[in-house]
Amino acid sequence: MSALTSLAKSGKGKIGVILPDTTSSTRYVEFDAPDLKKAAAAAGLPGSDIIVQNALGSDSTFVTDAESDITNGATVLLIDPEDSGTGVTVQRYAKAHGVAVVDYDRLTLGAPAGTADYVSFDNVRVGKLIGSGFVSCVAAWKVSKPNVVVMHGAVTDNNATLFAQGYNGVLAPYFSSGKYKLVGRTAGTWTPTEALTEFQGAYTAHSNINSAVIPNDETGAPIISFLQSHGVKPKSFPTTGQDATLTGLQNVLSGYQCGTVYKPIYLEAQAAIALAMYLRAGKSAPSSLVNGSATDPMTHASVPSVLLAPEWVTPTNMKGTIIKDNFVPRSQLCSGSFAKGCTAAGI
């Protein structure tokens, strides 16, 4: 990041960051916000030239924050709205005011062509990791007749669509061959309480459910608590997750979650700030940074993209990923009843 200090000097205006909420994942508070600020500081951007806000799940707040940032001198916006309609509104407003936009973590669908670049992880790959992790877990936990409920993130979120594309592709041959039985699919949400309600509905309707493909640690956490309250034993009911939250990692250690997709958010934050610094300076980012493209399925436009690689984490590689990167401190991960699981995993 220090190589970008010359851009900091030549660029003008502020970088405004608007994050979506604090409920769909703890990452926005624990990692994205501080990591973005750290990356900006490392790139030589004065603290007064970066604004980081959270819309707290409100579309109207998201739009108001964007307008306020532009009024207060932002020349670049990094946005991660909960739904694309909000993102389109912001992008149109930004374009009208000559402000560059970076879609951070999820792509805004239906936006005017050429109004934004995109920084995220390879989200189809995220889904594939969830699917293949589930398959490996079913075998390792010796679930001979998997009766599976497949869950989905919010239908308004393009990332949820890409995740599902990935894990559905992995699981399709298992369902078509009869090796696994697809018992049901849920409507989709990123709200943990709603995800629990969806799961409970499926579980009540199909008492033979013995495994679940869940695309997020936070939506999986109340489901795991529900299973525990119904006497489900460790390593008997495979579930999956994403984001490597503290709760998710501890559920992995305790044998109630097969694994979680780890996305080194500090790398995403660094990439986003680097791209924003080039845009702020009115320069084109190098191909070493903008390393791919994403297709907007609504407009079919190709969006210049920075795509990073995720990783599937289980107790086997937790020490070399999560702990090595200090993503979650060992003292937190291994507290109380989870110390035993850490010891078993060599952490």
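- For the pair T115 and V101, the minimum side-chain heavy-atom distance is 4.5 Å or more.
- Inspection of the N147 and Y180 side chains reveals no N or O donor paired with an N or O acceptor under 3.5 Å.
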Might you work through the side chain to side chain contact (heavy atoms under 4.5 Å, CB included) test for F175 and V148, ending with a clear yes or no? CA-CA 9 Å; F175 291 138; V148 190; 4.0 Å; yes
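- Considering CD of E198 and OG1 of T186, their distance stands at 4.5 Å, rounded to 0.5 Å.
- When all heavy atoms of V138 and P238 are compared, the pair lying nearest together is CG2-CG, 4.2 Å.
- A side-chain N or O of Q257 and one of D217 form a donor-acceptor pair less than 3.5 Å apart.
- Under the 3.5 Å distance criterion, the side-chain polar atoms of S305 are matched with a main-chain donor or acceptor of A294.
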Applying side chain to side chain contact (heavy atoms under 4.5 Å, CB included), run through L36 and Y104 and close with a yes or a no. CA-CA 11 Å; L36 286 160; Y104 179 72; 4.3 Å; yes
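- A salt bridge links R27 to E268: one of the charged nitrogens lies within less than 4.0 Å of a carboxylate oxygen.
- In terms of heavy-atom proximity, A276 sits nearest to I15 at CB-CD1, 3.8 Å.
- Proximity of Q53 to L19: side-chain heavy atoms (C-beta onward) are nowhere separated by under 4.5 Å.
- If you check the side chains of S60 and S58, you find a donor sitting under 3.5 Å from an acceptor.
- Within a 6.0 Å sphere centred on OH of Y93, heavy atoms belonging to other residues, nucleotides or ligands number more than 12.
- Under the 4.5 Å side-chain criterion, counting only non-hydrogen atoms from C-beta, C258 is in contact with W312.
- Between V90 and V63 there is a side-chain heavy-atom pair separated by less than 4.5 Å.
- Side-chain contact check for N123 and S120: at least one donor-acceptor pair (N or O, by modelled atom type) lies under 3.5 Å.
- Although no hydrogens or angles enter the test, the distance criterion places a donor-acceptor pair under 3.5 Å between the side chain of N159 and the main chain of D105.
- Between the side chain of Q250 and the backbone N or O of L333 there is at least one donor-acceptor pair closer than 3.5 Å.
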Between L56 and T22, does a side chain to side chain contact (heavy atoms under 4.5 Å, CB included) hold up when you go through it step by step? CA-CA 6 Å; L56 301 175; T22 59; 3.8 Å; yes
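- Residues V99 and V52 do not share a hydrophobic cluster, defined by chaining ILVMFWY side chains whose heavy atoms lie under 4.5 Å apart.
- Side-chain contact between D49 and R280 is present, with at least one heavy-atom pair separated by less than 4.5 Å.
- Rounded to the nearest 0.5 angstrom, L308 CG and L267 CG are separated by 6.0 Å.
- A ring-centre distance under 6.0 Å is found for F327 and F31.
- The main-chain N or O of A111 is never found under 3.5 Å from a side-chain atom of T108 such that the two would form a donor-acceptor pair.
- Separation of atoms OG (S6) and CG (L4) is listed at 7.5 Å; rounding is to 0.5 Å.
- In this structure, A285 and L275 approach most closely via the heavy-atom pair CB-CD1, 3.7 Å.
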Please report the C-alpha distance between Q91 and D103 in whole Å, then the side-chain angles of each, then the deciding distance to 0.1 Å, and finally whether the side chain to side chain donor-acceptor pair (under 3.5 Å) criterion is met. CA-CA 9 Å; Q91 288 196 24; D103 279 340; 3.0 Å; yes
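- You'll find the ring centres of F237 and Y256 outside the 6.0 Å limit.
- With hydrogens and angles disregarded, no donor-acceptor distance shorter than 3.5 Å links the side chain of T204 to the backbone of G201.
- Connection of V183 to L171 is not established within any shared hydrophobic cluster, with ILVMFWY side chains joined at heavy-atom distances below 4.5 Å, either directly or through further cluster members.
- Note on D122 versus K128: no salt bridge recorded, every NZ/NE/NH1/NH2 to OD/OE distance being 4.0 Å or above.
- Judged purely by distance below 3.5 Å, without hydrogens or angles, the side chains of E311 and T321 never pair a donor atom with an acceptor atom.
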Please evaluate residues D325 and Y262 with respect to the criterion side chain to side chain donor-acceptor pair (under 3.5 Å), reporting the C-alpha separation (whole Å), side-chain torsions for both, the decisive distance (0.1 Å), and the verdict. CA-CA 11 Å; D325 289 351; Y262 171 46; 2.6 Å; yes
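- The cluster map of Ile, Leu, Val, Met, Phe, Trp and Tyr, joined by side-chain heavy atoms under 4.5 Å apart, puts M151 and Y174 in different clusters.
- Taking 4.0 Å as the cut-off between side-chain N and carboxylate O, R106 and D80 count as a salt-bridged pair.
- Scanning both residues, V170 and V135, for their nearest heavy atoms gives CG1-CG2, 4.1 Å.
- A continuous path of Ile, Leu, Val, Met, Phe, Trp and Tyr side chains, each step under 4.5 Å between heavy atoms, connects V150 with V126, placing both in one hydrophobic cluster.
- The main-chain N or O of P173 is found under 3.5 Å from a side-chain atom of S176 such that the two form a donor-acceptor pair.
- The side-chain heavy atoms of P20 and Y28, taken from C-beta on, include a pair separated by under 4.5 Å.
- Side-chain contact annotation: T260 with Q242, donor-acceptor N/O pair under 3.5 Å absent.
- Side-chain N or O atoms of T240 include one that pairs as donor or acceptor with a backbone N or O of I214 at under 3.5 Å.
- Transitive grouping of hydrophobic side chains (ILVMFWY, heavy atoms separated by less than 4.5 Å) keeps I273 and L307 in distinct clusters.
- Pairing each heavy atom of K319 with each of G346, the nearest pair is CD-O, 3.1 Å.
- Between the side chain of N168 and the backbone N or O of Q165 there is no donor-acceptor pair closer than 3.5 Å.
- One finds the CD atom of E30 at 10.5 Å from the CG atom of D243 (value rounded to the nearest 0.5 Å).
- Considering CG of L78 and CG of D32, their distance stands at 10.5 Å, rounded to 0.5 Å.
- D69 is listed as a side-chain neighbour of L77, based on a closest heavy-atom distance under 4.5 Å.
- Between R92 and P112, some side-chain heavy-atom pair lies under the 4.5 Å cut-off.
- Under the side chain to side chain contact (heavy atoms under 4.5 Å, CB included) criterion, L109 pairs with S84, L107, N158, D296, P297, M298, not counting sequence neighbours.
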Run the side chain to side chain contact (heavy atoms under 4.5 Å, CB included) check on L45 and K14 step by step: do they pass? CA-CA 9 Å; L45 190 71; K14 299 179 181 181; over 6 Å; no
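- Residue F121 comes nearest to P310 through the heavy atom pair CD2-N, 4.0 Å, listed as atom of the first residue, atom of the second, then distance.
- Of the possible donor and acceptor atoms, none in the side chain of D157 sits under 3.5 Å from a partner among the backbone N and O of D83.
- In this structure, T61 contributes its side chain and G57 its backbone to no donor-acceptor pair below 3.5 Å.
- Note: N317 CG to K324 NZ = 11.5 Å, rounded to the nearest 0.5 Å.
- For an aromatic pair to be called close, the ring centres must be under 6.0 Å apart, and F226 with Y203 satisfies this.
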